[in-house]
Asker: 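Have a look at the structure that comes next, please.
FYI, the numbering just counts along the sequence from 1.
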Amino acid sequence: MYLGFDTSNYTTSLAIYDGKDIIINSKKLLTVKNGERGLRQSDAVFQHTVNMPQLLNNVPKNINIDAVAVSTRPRNIEDSYMPCFLVGINNAQSVSAFNTCEMYTTSHQVGHILAALYSVGRLDLIHERFIAFHVSGGTTEALLVEPNNEEIIKATLVSQSLDLKAGQAVDRTGVLLGCQFPCGRELDELSLDSDKEFKVKPTMIGNDCSMSGVENKIKKMVEAGENPPDIAKFLFTYISLTLDKMTENIITRFGKLPLVFAGGVMSNTLIKKYITNKYDAYFAQPQFSCDNAAGVAIYAYLKDNKDNNE
């Protein structure tokens with residue numbers, strides 16, 4: 001049994017993997033006050049500290065943990081750090097010491113990628129090159145993923161948003177429309193009530209994109225009293241076409257590699273429909289697309305059985 005911890009900015013998560021199936025995927029969203037667009041790190045740390053013992057109570061008492069893994073940073077790059085991950089680290093260290101088992105560390109981003117691969121039945125891709133999109137509140141990135149002896153997979157940034165992230169655009173739009181933060185699910189439902197079509201031209205700067213313009217456009221739409229479902233659909237159309245352009249550029253540079261989409265934004269109905277109509281792509285199932293610890297638990301298994309999985 002392999003236990004994973006993830007304490008990202010908005011979700012407390014733990015998961016258990018038995019080498020074949022995720023048998024526990026437990027998580028709790030952090031609370032954000034109405035009208036606010038996020039949390040201070042001190043508030044996130046406090047809520048994680050309160051939430052994690054509740055999640056640990058869901059773990060059956062007769063389970064023997066063979067190894068533990070924890071996400072300690074947003075990405076596997078230098079200076080990637082957020083205080084909220086300290087709660088997961090402290091809990092992982094305690095469980096590791098109590099069970100006298102190994103503890104492995106990875107990044108939140110690697111956890112997302114592994115969870116996405118698991119959810120579509122393609123964990124075998126860890127032995128190949130592929131492109132992974134990680135699209136969330138803090139990240140809009142496309143990564144060239146390759147096998148790596150030490151990190152299991154190594155993700156190299158090949159395209160990104162240079163300013164506003166897709167998830168930020170979703171939540172800021174939702175707050176303007178009176179939705180509860182995080183706003184993705186409500187906006188998704190709203191957008192499906194619109195039959196309006198939009199012509200959108202993504203802003204690309206070389207291989208990267210800029211999404212700051214969409215926030216200004218949406219503010220003007222709100223001020224003009226436009227229909228909320230139309231505003232939501234415009235936003236997701238804009239994100240879809242931006243991701244499409246990023247994908248086109250990547251295929252031109254690296255050829256046709258497997259495409260994997262992960263992160264909370266990628267559970268959106270319209271975005272998924274647009275991308276899958278054009279590309280042969282894998283989308284993480286919704287429960288494995290939003291923040292979760294499943295990929296971190298899988299990482300513990302892969303590290304603990306590295307010689308057998310090569």
Side-chain angles (χ1 to χ4, degrees), residues 1-19 21-30 44 48 51-52 55 67-77 80-82 84-89 91-92 95-96 102-120 122-123 125-126 130 132-141 143 145-148 150-157 167 260-267 282-306 309:
M1 296 292 178
Y2 301 91
L3 175 62
F5 291 95
D6 184 80
T7 51
S8 61
N9 212 33
Y10 296 110
T11 310
T12 312
S13 309
L14 68 79
I16 292 180
Y17 182 60
D18 67 2
D21 299 302
I22 294 293
I23 61 171
I24 291 177
N25 189 20
S26 186
K27 50 190 171 181
K28 185 172 182 178
L29 283 174
L30 305 190
H48 283 313
N51 291 346
M52 190 59 77
L55 299 188
V68 178
V70 58
S71 56
T72 61
R73 53 204 178 275
R75 306 169 187 81
N76 278 340
I77 57 175
S80 182
Y81 170 76
M82 292 179 74
C84 56
F85 289 100
L86 290 171
V87 180
I89 294 169
N91 279 273
V95 172
S96 173
E102 288 288 340
M103 186 187 89
Y104 303 102
T105 64
T106 188
S107 70
H108 177 71
Q109 188 169 75
V110 166
H112 262 299
I113 295 170
L114 292 177
L117 294 180
Y118 166 82
S119 77
V120 298
R122 290 304 310 269
L123 275 173
L125 284 179
I126 65 171
F130 64 94
F133 277 81
H134 181 197
V135 188
S136 65
T139 307
T140 298
E141 295 181 348
L143 308 142
V145 184
E146 301 173 286
N148 182 271
E150 182 61 31
E151 299 174 14
I152 302 298
I153 54 173
K154 182 175 178 63
T156 303
L157 181 66
V260 178
F261 289 85
V265 176
M266 301 317 302
S267 61
Y282 298 105
F283 276 74
Q285 296 174 16
Q287 67 268 37
F288 297 106
S289 188
C290 300
D291 287 347
N292 67 93
V296 181
I298 292 167
Y299 184 84
Y301 163 77
L302 293 172
K303 287 288 287 185
D304 213 48
N305 297 272
K306 186 163 65 71
N309 291 312

Asker: So, taking the atom named CG in L55 and the one named CG in L14, what distance separates them when rounded to the nearest 0.5 Å?
Answerer: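 So the gap between those two atoms works out to 5.0 Å.
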Asker: For the atom pair CG (L143) and NE2 (H112), what is the distance rounded to the nearest 0.5 Å?
Answerer: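 Separation between the atoms: 11.5 Å.
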Asker: Does a salt bridge link R75 with E141, judged by any charged N lying under 4.0 Å from a carboxylate O?
Answerer: yes
Asker: Are side-chain N/O atoms of S13 and N292 paired as donor and acceptor at under 3.5 Å?
Answerer: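 Per modelled atom types, S13 and N292 side chains form no pair under 3.5 Å.
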Asker: If you define the side chain from C-beta out and look only at heavy atoms, does anything of P74 sit under 4.5 Å from M82?
Answerer: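 Yes, their side chains come closer than 4.5 Å.
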Asker: Nearest 0.5 Å, what's the CD-CZ distance between E146 and F130?
Answerer: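 It is 10.0 Å, given to the nearest 0.5 Å.
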Asker: Salt-bridge test for E150 and K303: reply yes if a basic N is under 4.0 Å from a carboxylate O, no otherwise.
Answerer: yes
Asker: Please determine whether side-chain contact (heavy atoms from CB on, under 4.5 Å) holds for the pair D304 and E102, giving the CA-CA distance in whole Å, both sets of side-chain angles, and the decisive distance to 0.1 Å.
Answerer: CA-CA 8 Å; D304 213 48; E102 288 288 340; 4.3 Å; yes
Asker: Y104 versus Y299: any side-chain heavy-atom pair under 4.5 Å?
Answerer: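 A side-chain contact exists here, since the closest heavy-atom pair is under 4.5 Å.
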Asker: First locate atom NZ of K28, then atom CG of N51, and finally report the distance between them rounded to the nearest 0.5 Å.
Answerer: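 K28 NZ to N51 CG: 4.5 Å, rounded to 0.5 Å.
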Asker: Taking all non-hydrogen atoms of both residues into account, name the closest pair between G295 and L114 and its distance.
Answerer: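 Of all heavy-atom pairs spanning G295 and L114, the closest is O-CD1, 3.5 Å.
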Asker: Looking only at non-hydrogen atoms, find the nearest pair between L30 and S8 and report the distance.
Answerer: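 Nearest heavy atoms, L30 then S8: CD1-O, 4.4 Å.
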Asker: For the aromatic rings, using the six-membered ring if either is Trp, is the centroid distance between F261 and F133 under 6.0 Å?
Answerer: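 Aromatic pair counts; centres sit under 6.0 Å.
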Asker: Among N91, T7, N9, T12, which residue satisfies the side chain to side chain donor-acceptor pair (under 3.5 Å) criterion with H48?
Answerer: T12
Asker: With under 30° as parallel and over 60° as perpendicular, where do the rings of F288 and Y118 fit, or are they tilted in between?
Answerer: perpendicular
Asker: Measure across S119 and A284 and return the closest heavy-atom pair with its distance rounded to 0.1 Å.
Answerer: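 The pair with the smallest heavy-atom distance is OG-CA, 3.2 Å.
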Asker: Specify the closest pair of heavy atoms between S289 and S267, including all atoms of both residues, with the distance to one decimal.
Answerer: OG-N, 3.9 Å
Asker: Hey, mind stepping through N25 and Y17 against side chain to side chain donor-acceptor pair (under 3.5 Å) and telling me if it holds?
Answerer: CA-CA 9 Å; N25 189 20; Y17 182 60; over 6 Å; no
Asker: Give, for atom OG of S107 and atom CZ of F85, the distance between the pair rounded to the nearest 0.5 Å.
Answerer: 8.5 Å
Asker: A side-chain contact here means heavy atoms from C-beta on lying under 4.5 Å apart; do V260 and L117 qualify?
Answerer: yes
Asker: Would you say that K154 contacts V145 through its side chain, given a criterion of any heavy-atom pair below 4.5 Å between the two side chains?
Answerer: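 Sidechains of V145 and K154: no contact.
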Asker: What pair of heavy atoms forms the shortest contact from C84 to A44, and how long is it?
Answerer: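 Residues C84 and A44, closest heavy atoms: CB-CB, 4.3 Å.
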Asker: Measure the shortest side-chain to side-chain distance between I298 and Y2 over non-hydrogen atoms and say whether it is less than 4.5 angstrom.
Answerer: no
Asker: Can you tell if the side chain of H108 reaches within under 4.5 Å of the side chain of D291, non-hydrogen atoms only?
Answerer: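 Yes; the side chains approach each other to less than 4.5 Å.
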Asker: Hey, does L29 have a side-chain heavy atom less than 4.5 Å from the side chain of T11?
Answerer: yes
Asker: Would you say the side chain of T106 lies within less than 4.5 Å of the side chain of T72, judging by non-hydrogen atoms?
Answerer: no
